[in-house]
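Written out below as structure tokens is the structure these notes cover.
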Amino acid sequence: LEAAPSPGNVEDLYELLEKLGSGHFGVVRRCRERGTGTFYAAKFVKTRRCWGSRLGLERAQVEREVAILRQLSHPNIMRLHDLFASRAEVVLVLELIAGGELFDFIAEKETLSEEEAIEFLGQILRGVEYLHARLIAHLDLKPENIMLQERDVPKPRIKIIDFGLAQQLEDGVTFKSLCGTPQYIAPEVINYEPLSSATDMWSIGVITYILLSGLSPFQGETDAETLSNVVAGAYEFEERCFSQTSEMAKDFIQQLLVKEPGHRLTAAECLVHPWIKPLSRKQVLSRSRSSINMRNFRKFNARRKWKLSYNMVSACNRLCRTRLLCGLSKEDEELRCCESDQEEESSPPIALLRRRRSSS
Ligand code: ATP
């Protein structure tokens with residue numbers, strides 16, 4: 001770790017409170033700093049005890065996440081406040097993000113104009129621009145990782161979370177990886193080609209497309225079909241769902257869902273695209289008159305939430321079966337399951353969906 005973790009145990013300095021969520025490798029709990037009374041989120045990550053064990057995350061992987069978080073200080077990016085490490089576990093004390101996911105917040109609204117949606121999108125872009133200026137790619141941008149600091153305020157603030165797949169890019173060093181979630185990953189991930197900050201921009205294109213229409217541009221019946229749609233770059237703006245969408249919004253998306261990474265808009269370029277930063281009165285009006293397809297968006301979000309809980313349950317079932325059939329010890333099981341978009345539990349997870357890294 002770049003700087004030494006705090007000495008002692010997390011409970012010496014923080015009172016641990018209720019569970020806020022869980023990830024593949026541990027839980028996140030609300031906690032209160034004893035000295036100041038300030039609330040934070042403590043993320044407990046189990047690390048592998050021995051080489052070859054499949055339980056927990058590799059130590060180096062957690063260290064990479066920590067090294068990246070340590071460098072970051074931006075209003076739209078979750079901050080790392082403190083760190084504890086023992087042999088089998090790392091505890092990240094993070095800024096508490098209490099407003100839930102952006103998509104859940106939006107789904108509760110009656111209506112939302114493009115202009116209001118852009119308030120949020122602009123914040124996502126500013127956070128991502130900050131990351132990319134530091135040559136950091138998030139590589140897992142998706143609705144579950146875009147949260148709100150607080151929701152009961154006039155202008156909720158976006159916070160980008162989960163830097164578990166983030167990568168520090170280096171000039172002249174190629175980085176390849178086969179991980180992510182099929183709906184949101186760029187073609188270069190699937191093709192095992194070099195990744196860059198442009199890989200995040202593709203995901204922002206997908207998120208924007210969904211936000212406006214409630215449709216997922218590449219979603220197929222199965223993960224394999226979704227992946228082949230992504231590689232083919234096969235998407236369209238179905239009039240049925242995009243009837244309330246401005247032409248500027250479609251242009252914005254079209255400049256992100258471009259197969260060639262180098263031809264996509266960068267985050268900095270997005271921020272001066274006329275849809276985000278209108279120049280004329282006509283452009284301002286067009287944004288306030290166009291709206292997102294709330295009916296469809298709510299349907300998308302309900303389905304997304306259902307799938308997330310379904311995947312959790314089926315991952316547990318798979319685990320129990322594996323244990324029964326193979327008689328494996330608990331330590332031998334891989335808890336980190338793929339994040340599949342498909343609903344069929346029976347299909348084997350494909351290697352691509354595993355969250356692993358490799359570089360060359
Ligand atoms: P994943 O399995 O999605 O990769 P992970 O192990 O990397 O997850 P996170 O996504 O960082 O873990 O956290 C898991 C969940 O805990 C989140 O979905 C969120 O609900 C909650 N959470 C994480 N960080 C915070 C935070 N700073 N404040 C509040 N809740 C948080």
Side-chain angles (χ1 to χ4, degrees), residues 10 14 16-33 38-48 55-59 61-70 72-83 89-105 127 138-151 156-167 177 179-185 203 301 304-305 307-316 318-319 334-341 349 353-357:
V10 62
Y14 298 84
L16 296 179
L17 305 165
E18 79 279 8
K19 184 173 153 183
L20 294 168
S22 49
H24 287 96
F25 282 110
V27 296
V28 178
R29 287 177 67 176
R30 204 160 72 98
C31 64
R32 184 168 33 216
E33 194 171 29
T38 312
F39 290 100
Y40 293 94
K43 177 170 167 173
F44 294 80
V45 185
K46 294 248 175 294
T47 54
R48 285 179 191 165
L55 184 77
L57 256 185
E58 261 174 47
R59 191 74 170 199
Q61 219 164 314
V62 189
E63 288 182 4
R64 189 159 27 199
E65 179 173 353
V66 168
I68 287 177
L69 280 172
R70 274 196 190 283
L72 305 175
S73 171
H74 187 274
N76 299 119
I77 293 172
M78 178 188 69
R79 282 174 214 272
L80 176 67
H81 173 71
D82 209 345
L83 180 71
E89 192 175 58
V90 173
V91 186
L92 286 77
V93 180
L94 301 158
E95 169 183 21
L96 180 66
I97 299 169
E101 291 173 19
L102 170 69
F103 270 33
D104 292 338
F105 176 79
H138 184 283
L139 301 179
D140 202 14
L141 290 175
K142 56 181 177 181
E144 295 84 79
N145 291 337
I146 298 171
M147 299 190 64
L148 295 177
Q149 183 171 38
E150 277 179 79
R151 53 162 57 210
R157 179 181 284 183
I158 291 279
K159 292 280 177 182
I160 299 172
I161 69 159
D162 193 358
F163 285 74
L165 292 186
Q167 188 67 28
S177 164
C179 50
T181 308
Q183 276 188 80
Y184 307 97
I185 47 175
S203 309
N301 203 49
R304 178 179 75 90
K305 300 303 276 189
K307 279 186 202 172
L308 283 175
S309 49
Y310 182 92
N311 281 346
M312 211 42 144
V313 171
S314 59
C316 290
R318 260 202 306 271
L319 215 59
E334 190 166 17
L335 287 174
R336 192 94 174 175
C337 299
C338 65
E339 285 186 46
S340 172
D341 290 335
L353 305 175
R354 287 183 193 281
R355 308 185 94 196
R356 59 191 161 83
R357 291 184 170 81

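These numbers come from a predicted model, not from an experiment. Counting convention: from 1, in listed order, for ligands and their atoms alike.
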Gap separating the CE atom of Met147 from the CD atom of Glu101, nearest 0.5 angstrom: 6.0 Å

Non-neighbouring partners of Glu150 that pass side-chain hydrogen bond (donor to acceptor under 3.5 Å, both in side chains), sequence neighbours left out: none

Arg157 side chain near Asn76 side chain, heavy-atom distance below 4.5 Å: yes

Atom indices of ligand 1, in the order listed, that fall short of 4.0 Å to a heavy atom of Gly21: 16 (O)

Distance-only N or O hit between ligand 1 and Glu144, under 3.5 Å: no

Nearest-option assignment for atom 19 (C) of ligand 1, heavy atoms, candidates Glu101, Arg29, Glu95, Met147: Met147

Those residues that, when tested against Tyr40, pass side-chain hydrogen bond (donor to acceptor under 3.5 Å, both in side chains) (two or more places apart): His81

Side chains of Lys43 and Met78 in contact at under 4.5 Å (non-hydrogen atoms): no

Contact (N/O only, under 3.5 Å) between Lys43 and ligand 1: yes

Arg30, portion touching ligand 1 at heavy-atom distance under 4.0 Å: neither

N-O pairing of Lys305 and Asp104 below 4.0 Å: yes

Pick from Leu165, Ile161, Val28: the one approaching atom 17 (C) of ligand 1 most closely through a non-hydrogen atom: Ile161

Contact check, Gly164 vs ligand 1, heavy-atom distance below 4.0 Å: no

Ligand 1-proximal atoms of Ser22, by part, heavy-atom distance under 4.0 Å: backbone

Atoms in ligand 1 with a heavy atom of Ala41 nearer than 4.0 Å: 26 (C), 27 (N), 28 (N)

Side-chain touch Tyr14/Val91, heavy atoms, less than 4.5 angstrom: no

Proximal atoms of ligand 1 relative to Met78 (non-hydrogen, under 4.0 Å): 27 (N)

Pick from Leu80, Leu96, Asp162: the one approaching atom 10 (O) of ligand 1 most closely through a non-hydrogen atom: Asp162

4.5 Å side-chain heavy-atom contact, Arg59 and Val90: yes

